[in-house]
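For the numbers below, each heavy atom of this structure counts, side chains included, while hydrogens, waters and symmetry mates do not. Below, chain A is the first sequence line, B the second, and so on; all start at residue 1. From a predicted model like this one, the values you see are computed outputs, not experimental measurements.
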Amino acid sequence: MSKKLSRQFYNRATIDVAREILDKQIVYNSPNGKLSARIVEVEAYIGEGDPACHASRGKTKRNEVMFGKAGFAYLYLIYGMYNCLNFVTEKDGFPSAILLRAAEPEEGIDIMLQNNFKKESSKLLAGPGLFCKAFGLTREQNGLDLTNEELYLESRNNNKVEIVETTRIGISDGKELLGRFYDKNSKAVSKR
DNA sequence: TGAATGATGCGCT
DNA sequence: GCGCATCATTCAT
C-alpha cells in the first residue's frame with residue numbers, strides 16, 4: 001500500500017528530502033484522469049546562497065512560492081515553451097526547492113501520450129519539460145498544496161534504489177555544487 | 001554520434 | 001532587451 005506524504009516530509013533539510021524522494025510516486029488527478037509516475041531524478045536548489053537557485057537574487061513574484069511553507073508546488077515557464085515542476089522544502093521563509101527532472105510512467109500512460117504524442121513511453125517523462133508536458137502541468141498549477149488531493153506524492157514499498165549523486169545540469173553558476181540525485185538503474189533518466 | 005542552434009515567453013535589469 | 005533549472009533538429013565529423 002502506498003501512503004500520501006505529509007507536510008512534515010517536505011519540512012526538512014532539502015538534501016535529505018531529495019535523496020528520499022527518489023522512488024516515490026507522484027500522483028496528479030488531472031481533468032482528463034488520474035496520472036502517476038515513479039520519480040527517478042531530482043535536483044536540489046537551496047537558499048539564497050546558492051547561485052543557481054532562483055531565490056539567490058531575492059524574492060520576486062515569480063519565485064515567491066519557494067519562500068513559503070514546505071509542501072507546495074513551484075511551477076514556472078522556462079525558455080518560453082517548457083514548464084518545470086519543483087517541490088518546495090524547508091521552513092517558511094527559507095527559499096529552497098527540489099526540481100523534478102525525470103520519472104517513469106505508471107498510471108494514465110494513454111493520457112500522457114495524448115499530451116505529448118509521438119513518443120515512446122519509456123522516454124515520456126525523461127526531462128523536466130517533458131514531464132510537465134506529459135502531465136499537462138503549467139504555471140497555472142503554481143502554488144498547489146501537495147497535501148491536497150489534486151497533486152501529491154505517495155511513498156511506496158521500497159525497492160532498493162541505487163542512488164547516484166552528481167553535479168547539476170543546465171545551469172551556469174554553482175555547477176560545482178552537488179545536488180542532483182538519480183536512480184542508477186532507471187532508463188528514464190535524462191541523458192543523451 | 002556529438003556539438004551547435006533555433007524556438008519562444010516572461011520577468012528582471 | 002537579455003537571459004533562462006529545455007528540447008528537437010540540423011550540421012559536422
Side-chain angles (χ1 to χ4, degrees), chain A residues 10 13-19 21-22 24 26 37 39-68 70-90 94-105 112-144 146 151 153 163-183 186-192:
Chain A
Y10 307 98
T14 307
I15 292 292
D16 293 337
V17 181
R19 208 173 272 129
I21 214 167
L22 290 177
K24 294 287 187 287
I26 179 166
I39 296 173
V40 297
E41 183 182 358
V42 294
E43 284 180 15
Y45 289 87
I46 309 170
E48 293 168 88
D50 179 354
C53 183
H54 286 170
S56 65
R57 289 183 309 222
K59 183 176 176 178
T60 67
K61 194 118 186 191
R62 179 191 186 206
N63 63 24
E64 65 183 356
V65 177
M66 265 203 292
F67 284 79
F72 285 83
Y74 168 42
L75 278 143
Y76 64 94
L77 189 65
I78 191 68
Y79 301 123
M81 22 171 60
Y82 295 105
N83 295 282
C84 294
L85 172 63
N86 299 249
F87 307 115
V88 177
T89 59
E90 308 211 28
F94 188 90
S96 58
I98 294 169
L99 168 69
L100 175 60
R101 289 196 57 87
E104 296 175 353
M112 299 181 205
L113 286 169
Q114 284 174 32
N115 290 334
N116 193 4
F117 59 114
K118 70 179 168 195
K119 277 279 177 195
E120 47 180 318
S121 60
S122 65
K123 301 285 181 192
L124 203 49
L125 307 177
L130 294 174
F131 177 88
C132 290
K133 191 172 179 190
F135 262 54
L137 293 168
T138 70
R139 68 187 190 291
E140 287 173 31
Q141 276 77 37
N142 190 35
L144 277 186
L146 298 175
L151 178 67
L153 299 187
I163 298 176
V164 182
E165 182 171 355
T166 60
T167 53
R168 292 173 294 186
I169 288 181
I171 53 177
S172 46
D173 285 322
K175 274 195 177 100
E176 67 284 357
L177 298 172
L178 294 180
R180 176 168 179 247
F181 300 88
Y182 64 91
D183 176 353
S186 174
K187 296 187 182 75
V189 172
S190 59
K191 262 197 198 130
R192 314 219 16 133

(message) Below the 4.0 Å mark, does C/dC4 have OP1 or OP2 next to a side-chain nitrogen or oxygen of A/Ser172?
(response) yes
Any protein N or O atoms within reach of nucleotides 6-8 of chain B? Criterion: under 3.5 Å, listing atom names and distances.
from  : atom 1 : to      : atom 2 : distance (Å)
B/dT8 : O2     : A/Tyr79 : O      : 2.4

Report, one line per pair, each donor and acceptor closer than 3.5 Å where one atom sits in a side chain of residues 128-144 of chain A; sequence neighbours left out.
from     : atom 1 : to       : atom 2 : distance (Å)
A/Thr138 : OG1    : A/Glu140 : N      : 3.1
A/Gln141 : OE1    : A/Thr138 : N      : 2.9
A/Asn142 : OD1    : A/Leu75  : N      : 2.9

Would you list the atom pairs, donor with acceptor, under 3.5 Å between side chains in residues 47-61 of chain A and any protein atom, with sequence neighbours excluded?
from    : atom 1 : to       : atom 2 : distance (Å)
A/Asp50 : OD1    : A/Ala52  : N      : 3.0
A/Asp50 : OD1    : A/Arg168 : NH2    : 3.2
A/Asp50 : OD2    : A/Ile46  : N      : 3.3
A/Asp50 : OD2    : A/Arg168 : NH1    : 2.8
A/His54 : ND1    : A/Tyr74  : OH     : 3.0
A/Ser56 : OG     : A/Cys53  : O      : 2.9
A/Thr60 : OG1    : A/Arg62  : N      : 3.3
A/Thr60 : OG1    : A/Asn63  : N      : 3.4
A/Thr60 : OG1    : A/Asn63  : OD1    : 3.4

(message) Measure OH/A/Tyr76 against P/C/dC4 and give the value in whole Å, please.
(response) 12 Å
(request) Go through the steps for A/Lys175 and A/Thr167 under the test side chain to side chain contact (heavy atoms under 4.5 Å, CB included), then give the verdict. (result) CA-CA 6 Å; A/Lys175 274 195 177 100; A/Thr167 53; 5.9 Å; no
(request) Round to the nearest Å and state the distance from A/Arg57 atom CZ to B/dC12 atom C1'. (result) 7 Å
(request) To the nearest Å, give me how far apart CD (A/Glu140) and C1' (B/dG9) are. (result) 14 Å
(request) Just name whichever nucleotide pairs with C/dT13, Watson-Crick or G-U, keeping both distances under 3.5 Å, else none. (result) none
(request) Give the rounded distance in Å between these two atoms: CG of A/Leu75 and C1' of B/dC10. (result) 15 Å
(request) May I ask you to verify if any side-chain N or O of A/Arg62 is less than 4.0 angstrom from the OP1 or OP2 atom of C/dC4? (result) no
(request) Look at the side-chain N and O atoms of A/His54 and state whether any lies under 4.0 Å from the OP1 or OP2 oxygen of C/dC4. (result) no
(request) Using atom CG of A/Asn63 as one end and atom P of C/dA5 as the other, report the distance to the nearest whole Å. (result) 12 Å
(request) To the nearest Å, give me how far apart CG (A/Asn83) and C1' (B/dC10) are. (result) 12 Å
(message) Distance check needed: C/dA5 P versus A/Leu178 CG, whole Å only.
(response) 18 Å
(request) Take the protein atom CG of A/Leu77 and the nucleotide atom C1' of B/dC12, then report the distance between them rounded to whole Å. (result) 15 Å
(request) Please tell me if the side chains of A/Leu85 and A/Ile26 come closer than 4.5 Å, counting only heavy atoms from C-beta onward. (result) yes
(message) Apply side chain to side chain contact (heavy atoms under 4.5 Å, CB included) to residues A/Phe87 and A/Leu100 and explain how you reach the verdict.
(response) CA-CA 8 Å; A/Phe87 307 115; A/Leu100 175 60; 4.2 Å; yes
(message) Please give me the minimum heavy-atom distance between A/Ala73 and A/Leu151, naming the atom from each residue.
(response) CB-CD2, 4.1 Å
(request) Answer whether the closest heavy-atom distance between the side chains of A/Tyr76 and A/Asn86 falls below 4.5 Å. (result) yes
(request) Respond yes when some side-chain nitrogen or oxygen of A/Thr60 is under 4.0 Å from OP1 or OP2 of B/dC12, and no when none is. (result) yes
(message) Please tell me if A/Arg139 has a side-chain N or O lying less than 4.0 Å from either OP1 or OP2 of B/dC10.
(response) yes
(message) Please classify the nucleic acid contact of A/Leu99 as base, sugar-phosphate, or nothing, using heavy-atom distances under 4.0 Å.
(response) base
